[in-house]
Structures are given as structure tokens and as C-alpha cells.
Amino acid sequence: MSLVIYNTQTRQKETFTPIEPGTVKMYCCGVTVYDHCHLGHARSYITWDTARRYLIWRGYDVQYVQNFTDIDDKILNRAIAEDCTMAEVSETYIASYFEDLRRLNVKDADDYPRVTDHIPQICDLIQTLIDRDLAYASGGDVYYAVQKFPGYGKLSGRSEDQMQSGASGRVDAGSGEPKKRHPFDFALWKAAKPGEPFWESPWGQGRPGWHIECSAMIRSRLGDSIDIHGGGGDLVFPHHENEIAQSEGATGKPLATYWAHNGMVRVNGEKMSKSLGNFTTIRDLLETVEPMVIRLFILQAQYRKPLDFTDEAIASATSGWQTFNDGLTFGDRFGATLGWALDASATVEPLPEVVDKFQTAMDDDFNSSAALAILFELAKDLRRAGNLLVHGEALTTPVDELRHQWTTLVELAGVLGLVATSTTATAGDEGLTDAAIEALIAQRQQARADRNFAESDRIRDELKAQGITLIDKPDGTVFVRD
RNA sequence: GGGAACAUGGCCAAGUGGUAAGGCAGAGGAUUGCAAAUCCUUUACCCCCGGUUCGAAUCCGGGUGUUCCCUCCA
């Protein structure tokens with residue numbers, strides 16, 4: 001069995017073969033740090049975090065790099081608006097990024113290069129492009145001469161005349177940028193306007209254009225060619241197309257073997273985006289939704305397809321997560337009862353046929369939706385077993401089998417970054433003690449014996465309101481906390 | 001106008017030639033004083049029209065619809 005990945009450049013799934021056997025160099029375009037991350041960012045980084053986790057689980061040595069773009073007009077505008085420096089804006093939102101994405105159990109990248117730390121590398125790369133006659137300086141700016149790069153358009157699947165004919169007047173209106181020789185040329189370096197922050201360069205004081213930083217940082221941190229380049233689908237053109245032009249123009253080598261792009265999050269049928277203003281930030285969402293619910297919501301869809309963000313979808317994921325989490329916590333809740341030596345659980349082997357099915361699913365372009373279907377079957381089995389135990393009924397699955405199921409579920413869910421939500425609603429936090437609950441149960445039993453069902457239901461509702469569910473069994477009543 | 005994709009049950013969503021995974025919601029039954037708790041059972045000819053094939057949700061052609069990109073964007 002081998003892993004296949006959908007390659008945007010060829011528009012088909014391809015067998016994954018790393019440049020260097022056993023090693024995967026992976027880069028994902030990070031955020032421009034001028035605001036809090038929204039659900040669209042969450043989808044992107046959860047998607048590539050999951051791909052990364054899977055590759056590691058598959059035995060690859062993965063080097064995962066994700067940048068912070070900390071030089072940009074929007075950061076500058078925000079700095080002006082808030083009367084502070086670009087660096088202060090960047091620091092604020094980099095901290096915000098970590099806070100939010102870590103809560104979603106997105107593993108830290110191996111490296112988080114920043115544009116401000118790579119000005120020399122950027123200048124070197126620009127100089128190389130000028131030397132190769134692929135770029136030209138013009139009035140303090142430097143532009144990439146798109147027509148000089150033969151492969152331009154190969155990623156996004158468009159040719160120059162198509163872009164020309166399709167530009168619908170926008171491009172040749174061109175009065176705005178007289179320094180360009182050709183309308184499609186894009187800036188590698190932009191001269192600083194008076195009062196703007198700048199860095200010194202051979203072309204004068206200025207700052208890098210939008211696309212060049214990724215080319216420079218990939219080269220600096222991972223080398224000329226990497227295995228997987230990921231990012232949001234909205235970056236295919238022009239950002240990634242331009243990265244290819246810059247990097248391959250300079251090195252003559254392929255920048256990435258596989259170009260992988262995640263689909264957009266939609267709201268009411270429209271893309272969630274900052275410019276449309278229809279975004280929900282991760283931190284706002286986390287006010288009311290558990291992190292793992294968001295992760296499950298995202299992973300239940302195939303990563304390349306659009307994903308609609310609706311209240312109903314979140315509610316569905318919330319219920320789904322309860323089931324899933326019941327499975328994940330099974331061993332913690334019942335292992336001792338069942339006589340498992342939990343500290344020795346590492347010796348329990350995952351079920352090979354389940355592992356096999358999981359791998360087959362994930363090998364097919366990280367099909368987390370199909371993989372989850374397999375895990376849900378385990379989770380449901382375990383949940384049922386747990387319910388049977390709580391209700392004092394006989395198990396229908398051998399205890400040893402349950403233990404293997406649980407081990408398998410925990411391991412494979414972990415590959416998807418799904419981890420049990422701790423059930424630390426321990427007695428006495430603020431709620432009732434076990435003894436107090438037992439006393440109420442006794443009261444209710446008496447009421448039931450007296451056929452005073454109004455009173456008995458009142459007690460039941462009162463406990464329910466505090467997250468305690470009563471379960472009537474033939475030989476008495478027990479309770480469980482949510 | 002140009003480029004790229006997608007279209008599966010009430011909702012979400014797998015499945016890329018051999019009689020439709022999974023989640024959510026719903027229904028029926030069991031249990032119960034009742035029950036939102038629990039257990040069991042259960043719900044699809046895959047946008048439309050042609051074509052290829054012994055056989056297609058799956059391949060091809062033509063429609064229709066939706067989205068993304070072409071401007072900052074995960």
C-alpha cells in the first residue's frame with residue numbers, strides 16, 4: 001500500500017514518493033499576522049497538522065515549516081491605526097495564533113520563520129533573479145518579469161493569453177503602476193514611501209513584496225526543493241504560482257513535488273473571509289464550542305471540498321464528539337473495573353485489521369472522513385459497552401476485545417489529533433458530593449414508593465440540571481455525572 | 001469574460017466499474033410510574049439527458065446548478 005496525494009499541479013492523485021527516502025520536507029503558508037485567526041485558518045492548519053501527524057505515524061521523518069508573514073500593508077495599516085509599530089502588531093497576533101491553534105491541538109511546527117528575519121536571504125534571491133534576467137529594478141521597486149519564466153501558470157492552469165483575455169479590463173487599466181513593464185509582473189521589492197518602515201537593500205530602502213518571503217524562507221530552511229507545499233486553495237493563484245516562478249527561476253529546480261490545497265470554509269454559501277467580514281474567529285467559537293468539536297467538524301469533511309459552517313453542523317459535530325469521546329474515555333472510566341492494568345496498556349496491540357483499514361483510508365489523499373467512519377465504529381462499540389456497564393447489564397463483547405478496541409481507538413484518533421476531553425468533573429468541584437446525591441436518590445426512592453411522582457421527578461430534574469443523570473435499574477438507582 | 005472544481009437520503013459526508021461507509025437528526029419496539037437515560041431494529045435507485053459496457057453514483061459527451069481563483073485572503 002502506498003500513500004497517494006492529490007497534486008494541484010497535475011489535477012490528479014499521485015503516489016507519494018519523497019525526494020529523500022524516509023524524509024518529508026513540508027511547508028505550509030502561514031498567516032499574515034494582523035488579526036486573530038478565524039475558522040478558515042483553523043481548517044487549513046488542522047488539515048496540514050493532520051497530514052503531518054499521519055506522515056509521522058507512517059514512519060516518515062517529517063520536517064514541517066510554517067511561516068509568519070510579519071511585513072505587510074495590512075500590518076502596517078493596523079500599526080498606524082493603533083499608533084504602534086508593525087513589530088508590536090505582529091507579536092500580538094503571533095501570540096494569538098499560538099494560543100488559538102494550540103487549543104485545537106495543532107502541533108507546533110518544527111520552525112516558524114518570519115519575514116523580518118530573512119531580509120538578507122530575500123535580497124539574495126531577488127538579486128539572483130535579476131542576474132538571471134527574470135527580474136528588473138524600476139524606480140526603487142523590483143519586479144518579476146513574468147513573461148521571461150516559461151512555466152508561469154503551470155500550477156493554476158492558465159496561460160498568458162487566457163489571463164490576458166480574461167483580465168476584463170482590470171489589468172490594462174494599469175495606470176496605477178507605471179513602473180511595471182508588463183501588467184502581470186509582480187513586485188519582489190517595494191520602495192518605502194516616506195514615513196514607512198523600511199529595510200536597506202541594493203535597490204534602496206523598502207520592503208519585500210508579498211510572495212518572495214515564502215520562496216526565500218523555504219530555501220533557507222528546507223532547501224531548493226521540498227516534498228509537499230500546502231496552503232489554502234485561495235493561494236494557488238497568484239501566491240503559489242509566483243512562488244514557483246521565484247524559486248524555480250532562481251534555482252532551476254522544482255520547488256515542490258506535491259502542491260496540496262485545502263478547500264474553503266463557507267458561510268451561507270459564501271467563502272469565509274476577512275474582506276467579506278463573515279468570519280468567526282477561533283477564539284470566539286471556542287467560547288461556546290469545545291476544541292475537539294471543531295477538529296471533528298473539520299476532519300469529517302474531505303479537506304479539498306468546501307465546508308459549510310452552520311449552527312446545525314456544529315451541533316451535529318458536538319453530538320458526534322460526545323459519542324467519540326465516550327469511546328476515547330472508556331478505558332479511563334472502566335479499565336480499573338474490568339481489571340486492566342492501565343499502566344501496562346502499551347503492551348496491548350492495536351487491532352491489525354482496523355489499523356489496516358484506517359491506513360487504507362488515510363493513504364487515499366488523507367481521507368479523514370473515511371478514517372473517522374472506521375473509528376466511529378470502535379467508539380460506538382465502546383460507548384455501548386460503557387453504557388451497559390453503567391446500567392449493570394451484561395457485556396456483549398469480550399473484555400479483552402474491548403481493551404484492544406480501546407487501545408486502537410486512542411492510538412488512531414491521536415493520529416488525527418483527536419484526544420479525549422478530560423472527564424474531570426470530579427465530585428465536590430462546586431456540585432454535590434456523592435453522599436448528597438445518594439441522599440437525594442433515597443428521598444426520590446421514597447417518593448416513588450409513595451407514588452409521589454411529582455416529587456420524584458422534581459428531584460430527578462434538579463439533579464439533571466446539575467449535570468447528574470439518574471439511571472433506574474431493577475435493583476436500585478445509580479447516577480452518572482456528565 | 002477567462003481558469004479550476006464540485007453536485008450522493010431530512011442535514012453533513014465517504015464511496016471513482018459489480019447490487020450505496022460513517023456522523024447528526026427521525027421512526028418503531030424494549031425497558032420504565034413516566035422519561036430527554038439505556039438497549040434492539042429501521043430510513044437513498046446517487047442533479048437532468050444521451051453514450052460506452054454483461055454491468056456505472058463511479059467512464060465519455062451535452063445540459064442545469066453551486067463554489068473557488070483571476071484584487072488582500074487559509
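Chain naming here is simple, since letters A, B, ... match the order of the sequence lines and numbering starts at 1 in each.
- Map A:V236 and A:S44 each onto its nearest nucleotide of RNA chain B; the residue landing nearer the 5' end is A:V236.
- Aromatic ring pairs are classed by plane angle as parallel below 30°, tilted from 30° to 60° and perpendicular above 60°; the pair A:F366 and A:Y54 is perpendicular.
- Annotation: A:F68 is not in aromatic contact with A:Y93 [ring centroid separation under 6.0 Å not met].
- The nearest whole Å value for the distance from the CZ atom in A:F68 to the C1' atom in B:rA74 is 13 Å.
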Are there any protein N/O atoms within less than 3.5 Å of an N/O atom in nucleotides 20-24 of chain B, and if so, which ones and at what distance?
{"residue": "B:rG23", "atom": "OP1", "partner": "A:K380", "partner atom": "NZ", "Å": "3.2"}
{"residue": "B:rC24", "atom": "OP1", "partner": "A:T323", "partner atom": "OG1", "Å": "3.0"}
{"residue": "B:rC24", "atom": "O4'", "partner": "A:S316", "partner atom": "OG", "Å": "3.1"}

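- Closest-nucleotide positions on RNA chain B for A:F453 and A:G30 were compared, and the one nearer the 5' end corresponds to A:F453.
- Residue A:L470 contributes atom CG, which lies 14 Å from atom P of B:rU38 at whole-angstrom precision.
- Under the Watson-Crick or G-U wobble criterion, with both distances below 3.5 Å, B:rG26 is paired with B:rU42.
- Between A:W48 and A:Y303, the gap from one ring centroid to the other is short of 6.0 Å.
- A:Q12 places its CD atom 10 Å from the P atom of B:rA5, with the value rounded to the nearest Å.
- Not one side-chain nitrogen or oxygen of A:K13 sits closer than 4.0 Å to the OP1 or OP2 atom of B:rU16.
- Separating the CG atom of A:D472 from the P atom of B:rC39 is a distance of 16 Å, rounded to the nearest angstrom.
- Judged by distance alone, with hydrogens and angles left aside, A:D457 brings a side-chain donor or acceptor within reach of the base of B:rG33, the pair sitting under 3.5 Å.
- In this structure, OG on A:S2 lies 10.0 Å from CD on A:Q359, to the nearest 0.5 angstrom.
- No contact: A:A313 has no heavy atom under 4.0 Å from any strand.
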Pairs under 3.5 angstrom only: tabulate donor-acceptor contacts from the side chains of residues 3-12 of chain A to other protein residues two or more places apart or in another chain.
{"residue": "A:N7", "atom": "OD1", "partner": "A:Q9", "partner atom": "N", "Å": "3.1"}
{"residue": "A:N7", "atom": "OD1", "partner": "A:W259", "partner atom": "N", "Å": "3.1"}
{"residue": "A:N7", "atom": "ND2", "partner": "A:E14", "partner atom": "OE1", "Å": "3.1"}
{"residue": "A:N7", "atom": "ND2", "partner": "A:T257", "partner atom": "O", "Å": "3.0"}
{"residue": "A:T8", "atom": "OG1", "partner": "A:W259", "partner atom": "O", "Å": "3.1"}
{"residue": "A:T8", "atom": "OG1", "partner": "A:H261", "partner atom": "ND1", "Å": "2.7"}
{"residue": "A:Q9", "atom": "OE1", "partner": "A:W259", "partner atom": "NE1", "Å": "3.4"}
{"residue": "A:T10", "atom": "OG1", "partner": "A:N7", "partner atom": "O", "Å": "3.4"}
{"residue": "A:T10", "atom": "OG1", "partner": "A:E14", "partner atom": "OE2", "Å": "2.6"}
{"residue": "A:R11", "atom": "NE", "partner": "A:T8", "partner atom": "O", "Å": "3.1"}
{"residue": "A:R11", "atom": "NH2", "partner": "A:L155", "partner atom": "O", "Å": "3.1"}

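- Considering only side-chain N and O atoms, A:R384 lies under 4.0 angstrom from the phosphate OP1 or OP2 of B:rC40.
- Contacts of A:D461 with the nucleic acid, taken as non-hydrogen atoms under 4.0 Å apart, include base atoms.
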At a cut-off of 3.5 Å, list every protein nitrogen or oxygen paired with a nitrogen or oxygen from nucleotides 57-59 of chain B, distance to 0.1 Å.
none

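- Nucleic acid contact class of A:F297 (heavy atoms, under 4.0 Å, all strands): none.
- Rounded to the nearest 0.5 angstrom, A:M217 CE and A:H118 NE2 are separated by 6.5 Å.
- Taking 3.5 Å as the limit, the base of B:rC72 and the side chain of A:K74 contain a donor-acceptor pair of atoms between them.
- For A:H229 and A:Y258, the gap between ring centers reaches or exceeds 6.0 Å.
- Here the CD-CG distance, from A:Q466 to A:L440, works out to 8.5 Å after rounding to the nearest 0.5 Å.
- Contact annotation: A:K271 does not reach the phosphate of B:rA74 (side-chain N/O to OP1 or OP2, under 4.0 Å).
- Atom CZ in A:R444 sits about 10 Å away from atom C1' in B:rU32, given to the nearest Å.
- Backbone-only engagement by A:G269 is indicated by non-hydrogen atom pairs under 4.0 Å involving sugar-phosphate atoms exclusively.
- The side chain of A:H391 contributes no N or O atom lying less than 4.0 Å from OP1 or OP2 of B:rU38.
- Atom CG of A:D381 is separated from atom C1' of B:rC40 by 14 Å (rounded to the nearest Å).
- Across the protein-nucleic acid pair, A:L276 atom CG and B:rC72 atom P stand 15 Å apart, rounded to whole Å.
- Base-pair partner of B:rA37: not found among the strands shown (Watson-Crick or G-U wobble, both distances under 3.5 Å).
- Shown here, B:rU64 forms a base pair with B:rA7; the pair counts as Watson-Crick or G-U wobble because both key distances fall under 3.5 Å.
- The distance from atom NE2 of A:H41 to atom C1' of B:rC72 is 11 Å, rounded to the nearest whole Å.
- Under the 6.0 Å cut-off for aromatic ring centres, A:Y112 and A:F98 qualify, their centroids lying closer than that.
- In this structure, the ring of A:F324 has its center less than 6.0 angstrom from the ring center of A:F376.
- Distances shown here put a side-chain N or O of A:Y6 below 4.0 Å from the OP1 or OP2 atom of B:rA5.
- Side-chain N/O atoms of A:N387 include none lying less than 4.0 angstrom from OP1 or OP2 on B:rA37.
- Within 3.5 Å, no donor on the side chain of A:R11 pairs with an acceptor on the base of B:rA4, nor the reverse.
- Between the base of B:rG33 and the side chain of A:R448 there is a donor-acceptor pair shorter than 3.5 Å.
- If you check every strand for non-hydrogen atoms under 4.0 Å, A:V265 touches a base.
- In this structure, A:K107 is not positioned above the aromatic face of A:Y45 in the sense of NZ or CZ being under 6.0 Å from the six-membered ring centre and within 45° of the axis.
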